[in-house]
Amino acid sequence: MAVTGDETETGSAADLTTCQLRNPSCSHPQVVSEASAYSSKKSIEDALQKREHRLMKNREAARECRRKKKEYVKCLEDRVAVLENQNKTLIEELRALKDIYRHKVE
DNA sequence: TAGACGTAGCGTCATGGGGC
DNA sequence: GCCCCATGACGCTACGTCTA
């Protein structure tokens, strides 16, 4: 998993870094400045909880997104296989018809 | 057998779009 | 505007395969 010291997000009250989540005693400067924006311990806990919830939701969304993408790619691959078969069949059919036509002309 | 390399899967972040 | 969701991008780990 990629965890760098400078991870931040913008705009939300749940802005706390991953390093603080993993190590509550983290004194990373950004964490300190962000955490100081909260008036009480309660609101910090609240923000952490919100962040955790958001990360969990996004984790699940990413998993689902990958699953759908894989399914889509599989679908395309199957379609390619079907079309290739159809193409082969049509080419052979055309060849056979050309043969018949040639014999009639001769 | 150790190291290089390729691939799959994962978590996180950033961002755009839609709903309210 | 704010919130939520979907998704691309990135970095990391685990694992399999190849080669010296």
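Phosphate contact (OP1/OP2 of dG11(B), side-chain N/O of Arg63(A), threshold under 4.0 Å): present. In this model, the phosphate group of dC13(B) is approached by a side-chain N or O of Arg51(A) to a distance below 4.0 Å at OP1 or OP2.
At a cut-off of 3.5 angstrom, the base of dG8(C) holds no donor-acceptor pair with the side chain of Arg66(A).
A salt bridge (charged side-chain N to carboxylate O under 4.0 Å, His left out) check over residues 96-106 of chain A, counting only residues at least two apart or in different chains, returns the pairs Asp99(A)-Arg102(A).
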Could you list all N or O pairs between the protein and nucleotides 4-6 of chain C that sit under 3.5 Å apart?
none

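Note: CE (Met56(A)) to C1' (dC10(B)) measures 16 Å, nearest angstrom. Remark: P of dG11(B) and CZ of Arg54(A) are 16 Å apart, rounded to the nearest angstrom. A straight line from CD of Glu60(A) to P of dG9(B) spans 19 Å, rounded to a whole angstrom. With rounding to whole Å, His53(A) atom NE2 is found 12 Å from dC3(C) atom C1'. Distance Tyr72(A) OH to dG8(C) P: 11 Å, rounded to the nearest Å.
In the hydrophobic clustering, where aliphatic and aromatic side chains (Ile, Leu, Val, Met, Phe, Trp, Tyr) are joined below 4.5 Å either directly or transitively, Val105(A) groups with Tyr101(A).
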Show me, pair by pair, the donor-acceptor contacts under 3.5 angstrom made by side chains of residues 55-62 of chain A, not counting sequence neighbours?
none

Distance-only donor-acceptor pairs under 3.5 Å for side chains of residues 87-96 of chain A, two or more places apart:
unit_1   : atom_1 : unit_2   : atom_2 : d
Thr89(A) : OG1    : Asn85(A) : O      : 2.9

Taking only distance into account, with no hydrogens and no angle test, what donor-acceptor pairs under 3.5 Å do side-chain atoms of residues 64-78 of chain A form with protein atoms, sequence neighbours excluded?
unit_1   : atom_1 : unit_2   : atom_2 : d
Glu64(A) : OE1    : Arg67(A) : NE     : 3.2
Glu64(A) : OE2    : Arg67(A) : NH2    : 2.9
Arg67(A) : NH1    : Glu71(A) : OE1    : 3.0
Lys74(A) : NZ     : Asp78(A) : OD1    : 3.1
Lys74(A) : NZ     : Asp78(A) : OD2    : 3.1

